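Below: the structure, in C-alpha cells.
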Protein chains: 2
Amino acid sequence: MDKRQTFAKQARMLKALAHESRLLIVDRLSRGESSVGELRELVGGDLSTVSKHLALLRAHGIVEDRREGTSVYYRLVTPCVCNFFTCATQVLKERSR
Amino acid sequence: MDKRQTFAKQARMLKALAHESRLLIVDRLSRGESSVGELRELVGGDLSTVSKHLALLRAHGIVEDRREGTSVYYRLVTPCVCNFFTCATQVLKERSR
DNA sequence: CACCTACATGGCAAATTGGCCAACAGGGCA
DNA sequence: TGCCCTGTTGGCCAATTTGCCATGTAGGTG
C-alpha cells in the first residue's frame, strides 16, 4: 500500500474535521444522536450552513443520518473519531510548555 | 475554559496537519531531523512550496528549526502529534467495514 | 388537497489555500 | 570580494472553502 495514498486519505479526513463547528458537532454526537435543529442551536448560524457541514461529514464517512418523521438525526459512524480530541488536547498541552 | 475556543484551537491545528505533504513531512520528522532539501526530495515539488509548508507547521508550533552551516534542520516539537496517525488509521479502518 | 415543519441543495461572493516563479538572504569557500 | 549552495519571502493566479440567501423536497396534519 502506497504511503503517499494513505496520507492523502488521512489528510482528507483531517480536513473534514478541521473546523470549529464540525468539531463541536462531532463532540456533541459522541454523546448520542442529535437532530439538525439541535445541532444548529449548538453551533449557531444558518440552518443550511449546519446542513452542509453535516453533508461534508457524511461524505467522508464520519457521520450517518436517519430520518424520523420530519426530523433527521445524525450519529457518528466511528466513535473512535473522538480519539482525535485526546490527541489534540495532548499536543496543545505539550506545545504550551 | 470555553469549549468553543478549545475547539477553535484544535481546528487550527488539525487544519495545519490536514495536507498530504505536511503529513508526509511530519511522519518523516517523527523518525528524526531532516533538512529542507531532504524533505523536498520526499514530497517533491518546488523547494519554496516545501519551505512554506514548514513555515506553516512552525507557525502552529508543530515543528522547530535549527540552522547548521548552510542547511536548516527541522524536528517535531511535540512527538505526540504522531498519535494522530494512529487515530486516523483506526478511523479509516473501522469506517471501511 | 393545501399548508406547515424540518432539512437539503443551488448559487453566489468573500476569504483562504496551494503551488509555481522570481527575487532576496545567510553561510561557506576560493 | 565574488560566487555557490541552501532556504526564505513576495507576488501572482487557480482552486477550494465558508456562509448566507433563495429555492426545492419530504413527511405530517387538517
Side-chain angles (χ1 to χ4, degrees), chain A residues 4-5 7-26 28-29 32-77, chain B residues 4-5 7-29 32-76:
Chain A
R4 193 141 200 146
Q5 232 175 327
F7 285 132
K9 271 188 210 164
Q10 297 190 349
R12 266 180 258 127
M13 194 188 40
L14 284 173
K15 220 165 161 185
L17 290 172
H19 188 288
E20 181 185 335
S21 299
R22 294 195 291 268
L23 288 181
L24 267 169
I25 289 172
V26 169
R28 163 64 74 94
L29 295 184
E33 286 191 342
S34 293
S35 69
V36 181
E38 288 164 351
L39 294 172
R40 180 243 177 98
E41 279 184 43
L42 176 67
V43 308
D46 199 275
L47 180 65
S48 74
T49 300
V50 175
S51 186
K52 282 189 182 175
H53 282 309
L54 289 167
L56 197 154
L57 289 171
R58 179 158 26 83
H60 284 85
I62 294 169
V63 303
E64 292 175 325
D65 61 307
R66 167 179 74 81
R67 167 147 246 161
E68 184 177 315
T70 71
S71 294
V72 177
Y73 289 90
Y74 279 84
R75 63 178 172 282
L76 296 184
V77 172
Chain B
R4 196 141 197 146
Q5 234 176 326
F7 286 131
K9 272 189 211 165
Q10 297 189 352
R12 266 179 258 126
M13 194 188 41
L14 284 173
K15 221 166 161 184
L17 289 172
H19 189 286
E20 180 185 336
S21 299
R22 295 197 289 271
L23 288 182
L24 267 168
I25 289 172
V26 169
D27 176 62
R28 164 63 75 94
L29 294 184
E33 286 190 342
S34 292
S35 69
V36 181
E38 288 164 350
L39 294 172
R40 181 243 178 98
E41 279 185 42
L42 177 67
V43 308
D46 199 275
L47 179 64
S48 74
T49 299
V50 175
S51 186
K52 284 187 182 175
H53 281 310
L54 289 166
L56 197 154
L57 290 171
R58 179 157 26 81
H60 284 83
I62 295 169
V63 302
E64 293 175 324
D65 62 306
R66 168 178 73 82
R67 165 146 246 159
E68 185 177 314
T70 70
S71 294
V72 178
Y73 289 89
Y74 279 84
R75 63 177 172 283
L76 296 184

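Letters A, B, ... mirror the listed sequences (proteins, then strands); counts begin at 1. Computed from a prediction, not measured in an experiment: that's the story for all the values here. For the numbers below, each heavy atom of this structure counts, side chains included, while hydrogens, waters and symmetry mates do not.
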Open item on the list: Return a single string for nucleotides 7-15 of chain C, one symbol per nucleotide in 5' to 3' order, where B is base contact, S is sugar-phosphate-only contact and - is none, cutoff 4.0 angstrom on heavy atoms.
Closed with: BBBBB----
TODO: Kindly indicate whether the side chain of A/Val36, heavy atoms from C-beta on, has any atom under 4.5 Å from the side chain of A/Asp65.
DONE: no
Open item on the list: Between A/Leu39 and A/Leu29, is there a side-chain heavy-atom distance shorter than 4.5 Å?
Closed with: yes
Task: Pairs touching residues 32-49 of chain A that satisfy salt bridge (charged side-chain N to carboxylate O under 4.0 Å, His left out), sequence neighbours left out - done: A/Glu33-A/Arg66, A/Glu33-A/Arg75
Task: Distance, rounded to the nearest Å, where B/Leu56 contributes CG and C/dG18 contributes P - done: 7 Å
- [ ] For DNA chain D, note the earliest and the latest nucleotide, 5' to 3', having some atom under 4.0 Å of a heavy atom belonging to chain A.
- [x] D/dT17 to D/dG28
Can you give me every donor-acceptor pair (side chain of residues 50-60 of chain A, partner residue at least two apart or in another chain, under 3.5 Å) with its distance?
residue, atom, partner, partner atom, Å
A/His53, ND1, A/Arg22, NH1, 3.1
A/Arg58, NH2, A/Tyr74, OH, 3.1
A/His60, ND1, A/Leu56, O, 3.0

Can you give the donor-acceptor pairs under 3.5 Å from side chains of residues 7-20 of chain A to other protein atoms, not counting sequence neighbours?
residue, atom, partner, partner atom, Å
A/Gln10, NE2, B/Thr89, OG1, 3.2
A/His19, ND1, A/Ser21, N, 3.0
A/Glu20, OE2, B/Arg4, NE, 3.1

- [ ] Output the residues of residues 16-23 of chain B in contact with DNA chain D, where contact means a heavy atom of the residue under 4.0 Å from an atom of the strand; sort by number or write none.
- [x] none
